[in-house]
Amino acid sequence: MGARLLDGLAVAATIRESVMPRVQAFTARAGRPPGLGIVLVGDNPASELYVSSKVKAGGESGLRVDLQRLPATATLDELLRLVDALNRSDQHDGILVQDPLPEAMGKGASQRVFDAIDPAKDVDGFHPINVGKLVQQRAHLVACTPSGVIEMLDRSGIAIEGRRAVVIGRSDIVGKPMAMLLLHRSATVTICHSKTRDLAALAAEADILVAALGRPGFVTRTFVKPGATVIDVGINRVTDEALARSLLAGSPRLAVFERRRSIVVGDVHPEVAEIAGALTPVPGGVGPLTIAMLLKNTVTAAEARKSGK
Ligand code: GUN
């Protein structure tokens, strides 16, 4: 086991500490704390867990966090009306609608909802205006997971400039903005996806390899150049016994699986720890950073709204 483990909890704690004085200064000046409206539609268990972590972290950092729930049977129009009310609210500086939405809302519902959020309150950085600004390197609200990865690299002393970076996954939420942020830091970036030929060989050219495809244990040792930094963005719930046994062999987490019959694993196979120079664990790697960056984005949105920027 050679890789240095990159501690997301510790880095997230540092980011959250740096947000505190900004929250206090804003609250003193505005006479109210920065406000975040979170909307959760339906009862997807993974979303429930993510949202409760966001609510808890926001409260701990002195933000006002309002969770608004809609039933799985809610219509897209109802959700859009709720977003509209949050757009017009003076108390809310940030709006986050947890993805995915129930399938019954129809194809393209998420896009319509993200499009409807006031770009100045778009703490997810998903609105097309903020995505466009990101491409032009002038965004102040950037998607939380990829910006958290950049913070993790910076705060862990891992150089980006001039290095080869490979991102596996091309989602709007992680893969594409991740590639853009790495490019802006002067990495040479390749995006790989399900149709990429010789994916393992391409990945093995990376100095920085980001796995964001959502397949448990997909990235094995053949994907990794010795000494590379490997960032595991995957959060996959595994209930299949054989898969859990193969991914958790020799780990104390196997006992946890045996008790709960369910466990969260990343996209990176544990054997990669023998090859990589540095590696983010799952859990405790990128996940806490996503939340820290959400808090940071909420304060940034609050400050910008207050100063009329
Ligand atoms: N679902 C998974 N990750 C995210 C995220 O960063 N933001 C939102 N809104 N939904 C998500």
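These numbers come from the heavy atoms of this one structure, side chains and all, not from hydrogens, waters or symmetry mates. Whatever order the structure lists ligands and atoms in, that order sets their numbers, starting from 1.
By the 6.0 Å contact criterion, CZ on Arg29 is enclosed, its count of non-hydrogen atoms from other residues, nucleotides or ligands being greater than 12. Annotation: Arg112, atom CZ; neighbour count of heavy atoms from other residues, nucleotides and ligands within 6.0 Å does not exceed 12.
The distance from the CG atom of Leu181 to the OG1 atom of Thr145 is 11.0 Å, given to the nearest 0.5 Å.
Looking at Val97 next to ligand 1, an N or O pair under 3.5 Å apart turns up. Close N/O approach between Tyr50 and ligand 1 is not found [any backbone or side-chain N/O within under 3.5 Å]. Checking only distances, Thr145 never comes within under 3.5 Å of ligand 1, N or O to N or O. Residue Thr290 places no N or O, backbone or side chain, under 3.5 Å from any N or O of ligand 1.
The distance from ligand 1 to the heavy atoms of Leu96 drops below 4.0 Å at these ligand atoms: 9 (N).
Remark: side-chain polar atoms of Asn87 are not paired, donor with acceptor, to backbone N or O of Ile117 under 3.5 angstrom. Formation of a donor-acceptor pair under 3.5 Å by the Thr280 side chain with backbone atoms of Asp232 is found in this model.
Counting protein heavy atoms only, atom 4 (C) of ligand 1 is closest to Gln98 NE2, 4.2 Å. Atom 10 (N) of ligand 1 has Asp99 N, 3.0 Å as its closest protein atom, hydrogens excluded (heavy atom only). For atom 5 (C) of ligand 1, the closest non-hydrogen atom of the protein is Asp124 OD1, 3.8 Å.
The closest side-chain donor-acceptor pair between Thr75 and Glu78 falls under 3.5 angstrom.
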